[in-house]
Asks: 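Quick one: the structure is below, questions incoming.
Computed from a prediction, not measured in an experiment: that's the story for all the values here. Index from 1, following the sequence. Because only heavy atoms are used, hydrogens play no part in the values below, and waters and symmetry mates are left out as well, while side chains stay in.
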Amino acid sequence: MALTAHMCPLGSLVYNRGMYTSKIRPAIEKYLEDRPNEAAFLRSEFNGLGKTRSGVDKALRAVVKDGKLVRVGYGAYVKAETMISPITGDPIVVPIAFREQWGAQILRKLGVDPKQNSALRAYNENRSTQVPAWFAFDVGNSRIRRQIGFGKGRLVYERFK
């Protein structure tokens, strides 16, 4: 953000600098570049990059607006890329990984141990020949209730004891 000046009612110049965002945003981008094997991030991972929470939030909003991250839930972000829609020809922002990949990463970072759902487990153990038509995470006894997803796709939880 550039240095802007405006006149206050008393006539003196007052400078409004976007100091926090201009320093935090490159730090966030470097944080993302330093982790090429990670696709999902929690808001709490970026806390140490700025002095204030609002400064980090502003910088995150700017990175999301640029299309380098997408917000997939409350405090959850995924690396993104911009591509041209084959239907409309307009640029669209999409996550760089499949929902199953970044969903498992987010759940692990939230302290939940995601496992294969019952349908996928039955197929892999040759107890069923039906290929699962949907994907869910078996979260066991976890109390997770977050709505995590992008676009129309959401993570689905399955609870088995």
Asks: Compare every heavy atom of A40 with every heavy atom of Q105, then report the nearest pair and how far apart it is.
Replies: OE1-N, 2.9 Å
Asks: Carefully, step by step, assess D90 and I84 under the rule side chain to side chain contact (heavy atoms under 4.5 Å, CB included).
Replies: CA-CA 6 Å; D90 296 334; I84 303 299; over 6 Å; no
Asks: Minimum heavy-atom separation for P36 to E33, with atom names?
Replies: CD-O, 3.7 Å
Asks: Report, as yes or no, whether the 6.0 Å neighbourhood of atom CZ on R127 holds more than 12 heavy atoms from other residues, nucleotides or ligands.
Replies: yes
Asks: Is there a donor-acceptor contact under 3.5 Å from the side chain of R43 to the main chain of A76?
Replies: no
Asks: Give a yes or no on whether Q130 atom CD has more than 12 heavy-atom contacts from other residues, nucleotides or ligands under 6.0 Å away.
Replies: no
Asks: Taking atom NZ of K79 and atom CG of L32, what is their separation to the nearest 0.5 Å?
Replies: 6.0 Å
Asks: Heavy atoms, side chains only, cut-off 4.5 Å: are D113 and K115 in contact?
Replies: yes
Asks: Taking the side chain as every heavy atom from C-beta outward, state whether F41 and R35 have any atom pair closer than 4.5 Å.
Replies: yes
Asks: R53 and N47: which non-hydrogen atoms are nearest, and at how many Å?
Replies: NH1-OD1, 4.3 Å
Asks: If you round to the nearest 0.5 Å, how far is OG of S142 from CZ of R159?
Replies: 6.5 Å
Asks: Any idea which heavy atoms bring I28 and A59 closest together, and the distance?
Replies: CD1-CB, 3.7 Å
Asks: If you link I, L, V, M, F, W and Y whenever their side-chain heavy atoms are under 4.5 Å apart, who else ends up in the same group as I144?
Replies: L42, V70, V72, V78, V93, W102, I106, L107, L110, V112, L120, F135, F137, V139, I148, F150, L155, Y157
Asks: May I have the step-by-step check of side chain to side chain contact (heavy atoms under 4.5 Å, CB included) for D138 and R121, ending in yes or no?
Replies: CA-CA 10 Å; D138 179 5; R121 206 169 29 247; 3.6 Å; yes
Asks: What distance separates E29 CD from L69 CG, expressed to the nearest 0.5 Å?
Replies: 9.0 Å
Asks: Answer yes when R61 and D57 have at least one side-chain N-carboxylate O distance shorter than 4.0 Å, and no when they do not.
Replies: no
Asks: Could you report the tightest heavy-atom contact between T52 and G55, atom names first, then the distance?
Replies: OG1-N, 3.1 Å
Asks: Could you walk me through whether E45 and Y77 satisfy the side-chain hydrogen bond (donor to acceptor under 3.5 Å, both in side chains) test, starting with their C-alpha distance in whole Å, then the side-chain angles of each, then the deciding distance to 0.1 Å, before giving a yes or no?
Replies: CA-CA 10 Å; E45 294 179 59; Y77 296 89; over 6 Å; no
Asks: Test R154 against Q147 for side chain to side chain contact (heavy atoms under 4.5 Å, CB included), laying out the working first.
Replies: CA-CA 7 Å; R154 298 276 178 246; Q147 291 292 313; 3.9 Å; yes
Asks: Please step through side chain to side chain contact (heavy atoms under 4.5 Å, CB included) for the pair M83 and I92, ending with a clear verdict.
Replies: CA-CA 5 Å; M83 58 187 305; I92 56 173; 3.9 Å; yes
Asks: Can you find a pair of side-chain heavy atoms, one from F46 and one from I24, that are under 4.5 Å apart?
Replies: no
Asks: Which heavy atom in A97 sits nearest to a heavy atom in A39, and how many Å separate them?
Replies: CB-CB, 4.0 Å
Asks: Nearest 0.5 angstrom please: Q101 CD to E38 CD, how far?
Replies: 13.5 Å
